[in-house]
Amino acid sequence: MKSSDRHINQLARIVGGSSSILYRKEDLLAYDCDGFTIHKALPKAVVFPKNTIEVSEVVRYCHEHNLPFLARGAGTGLSGGAIPLNEEVIISMVRMKRLLSVDLENRRAVVEPGFVNLKLTNSISDRGYYYAPDPSSQYCCTIGGNVAENAGGAHCLKYGVTTNHILGLEVVMPNGEVIEIGKNGIPDEPGYDLLGLITGSEGTLGIVTKITVRILKNPEAKQTVLAYFNHVSDGSQAVSDIVSAGIVPAALEMMDKVAIEGVEAAAYPVGHPKDIEAVLLIEVDGISAGIDEQIRQILDVCRNRNVKEVKVARDEAERGRWWANRKTGFGAMGAISPDYLVQDGVIPRSKLPEVLSRINQISNESGLRIANIFHAGDGNLHPLVLFDARKPGETQKALEAGSACLKVCADVGGTITGEHGVGIEKKEEMRFVFSDEEIKAQTDIREVFNPKNLLNAGKLFPAPGRCAEVKKEIKAAASS
């Protein structure tokens with residue numbers, strides 16, 4: 001028997017038989033990438049454990065036999081974090097999809113990693129509660145994947161990203177050991193902030209198998225505004241003016257002309273005017289008293305910034321249509337371009353007009369259209385570079401344009417990702433914001449958790465820079 005066959009048989013035994021493992025090439029093709037489709041690679045196998053014990057045993061087996069491995073959720077990640085670069089055994093969490101408990105008194109719930117984000121809100125909404133983190137893919141992305149990437153969403157301006165809603169984690173370490181962090185839903189245990197460290201570590205430190213999350217009471221009231229601007233600069237300045245006025249909207253979203261073209265050509269058009277340059281989608285929520293005053297102030301700000309048209313949603317149905325239009329923004333680009341590359345930079349709000357101008361220059365220089373959809377309130381930009389992979393050289397051109405957009409974000413004091421993660425897509429761009437010494441400090445932490453580097457290797461951090469290699473050579477020479 002071949003060694004690889006032996007591994008397949010043993011892994012199948014761990015997860016309950018041949019129906020819980022894939023290993024033929026034709027079956028593995030569906031797992032050669034995630035939402036970052038520019039790079040693809042086949043895994044050795046895909047296993048489907050049903051519980052923590054099976055995950056632990058699979059990891060222990062891989063650790064003992066030096067088999068690279070990684071965890072995968074719904075595969076909606078946008079930075080290549082679930083791509084098997086090293087012929088990994090993929091540990092798919094899709095069968096671990098239960099809502100284990102709901103504790104309304106303490107406002108928390110416990111879910112398995114394969115539980116779909118939006119399903120949590122749908123499961124508790126009739127009791128007056130919801131789960132706040134709301135990435136655009138919330139109808140299909142899993143909470144385990146959200147933890148790995150520290151996912152954000154449209155309402156993170158007011159409510160924060162995933163890490164602000166995690167109270168506890170059960171984690172399988174890279175050697176198969178199972179640990180619990182944040183016991184009894186108490187996140188602020190003495191010692192180091194391991195919850196914060198694991199959340200957003202992109203599956204390089206351990207595999208999460210149980211998650212305790214914070215749930216919130218439904219707001220008493222909410223109102224939503226749609227504002228159209230003839231100039232992106234006016235819309236951008238309105239964003240800063242709203243926050244400067246002391247208003248903290250639940251959401252403050254913006255789309256430019258190319259993005260509007262896409263969403264109007266896709267599944268949920270709402271009739272945005274074709275001749276406007278920018279649209280703001282603004283939502284406030286909270287207790288009923290004061291909501292109307294906040295809306296009045298927002299309308300005044302928009303009018304002072306030359307708004308062409310501004311309107312308040314008449315009812316929940318209209319509000320729902322506006323949000324459906326916005327949340328399909330990424331996928332909608334497929335209606336106007338054969339391919340697109342999503343970027344994910346963060347900037348200070350005050351730099352929004354300058355950065356959008358520079359992104360427009362990158363578009364002109366590259367010859368590629370760039371649509372901008374972003375969480376304007378917290379400066380989280382999503383430039384979408386539109387291209388045609390069938391044209392020789394255009395994929396590389398799109399990658400270079402995307403990298404240039406991230407460089408602009410770093411240059412104005414921002415960073416290269418706010419919620420999509422680094423994965424393989426942006427690992428070289430980590431040098432825009434970190435020195436070699438700072439990168440090494442982080443990889444040193446990874447080596448404590450993952451010393452054999454079998455778990456999701458080749459992600460998140462670039463290879464050591466030349467200057468770091470020179471320092472090693474000098475140190476070695478000096479010691480000899």
Look at atom [atom1] of [X] and say whether more than 12 heavy atoms of other residues, nucleotides or ligands are closer to it than 6.0 Å.
X      : atom1 : answer
Arg296 : CZ    : yes
Lys158 : NZ    : yes
Lys183 : NZ    : no
Ile179 : CD1   : yes
Lys210 : NZ    : no

Regarding Lys407 and the six-membered ring of Phe432, is the cationic atom NZ or CZ under 6.0 Å from the ring centre and inside 45° of its axis?
yes
Hey, does the Lys NZ or Arg CZ of Lys97 hover above the aromatic six-ring of Phe115, less than 6.0 Å from the centre and inside 45° of the axis?
no
I need the [X] [atom1] to [Y] [atom2] distance, nearest 0.5 Å.
X      : Y      : atom1 : atom2 : answer
Glu253 : Leu226 : CD    : CG    : 12.0 Å
Leu252 : Arg349 : CG    : CZ    : 8.5 Å
Ile424 : Leu85  : CD1   : CG    : 5.0 Å
Ser79  : Phe36  : OG    : CZ    : 8.5 Å
Ile38  : Glu425 : CD1   : CD    : 7.5 Å
Thr212 : Asn106 : OG1   : CG    : 11.5 Å

Tell me yes or no: between the side chains of [X] and [Y], is some donor less than 3.5 Å from an acceptor?
X      : Y      : answer
Asn456 : Lys459 : yes
Asp344 : Asn380 : yes
Asn150 : Glu202 : no
His165 : Tyr131 : no
Asn146 : Gln138 : no

Step through it carefully: locate the ring centre of Trp323, locate the ring centre of His155, and say whether they are under 6.0 Å apart.
yes
Is a donor on one side and an acceptor on the other found under 3.5 Å between the side chain of [X] and the backbone of [Y]?
X      : Y      : result
Thr162 : Ala151 : yes
Asn86  : Ala457 : yes
Thr199 : Gly196 : no
Asn304 : Asp300 : yes
Asp256 : Asn372 : yes
Glu149 : Glu419 : no
Ser244 : Ser240 : yes
Gln237 : Ser233 : no
Asp34  : Ala82  : yes

Which residue is it: Leu118, Asn117, Val116? I am looking for the one with a side-chain contact (heavy atoms from CB on, under 4.5 Å) to Tyr139.
Leu118
Electrostatic pair [X]-[Y], nearest N-O below 4.0 angstrom:
X      : Y      : answer
Asp103 : Arg108 : yes
Arg60  : Glu57  : no
Lys440 : Asp444 : yes
Lys327 : Asp134 : yes

Just wondering, do Val232 and Lys257 contact through their side chains at under 4.5 Å, heavy atoms?
no
Return the minimal non-hydrogen interatomic distance between Ile416 and Leu406, and the atom names on each side.
O-CD2, 3.5 Å
List the atom of Ser125, the atom of Asn218, and the distance in Å for their closest heavy-atom pair.
O-ND2, 3.8 Å
Glu112 and Arg98: CA distance, side-chain angles, deciding distance, salt bridge (Lys or Arg N to Asp or Glu O under 4.0 Å) verdict
CA-CA 5 Å; Glu112 290 183 316; Arg98 293 178 298 165; 3.0 Å; yes
Can you label the angle between the His420 ring and the His382 ring as parallel, tilted or perpendicular, going by 30° and 60°?
parallel
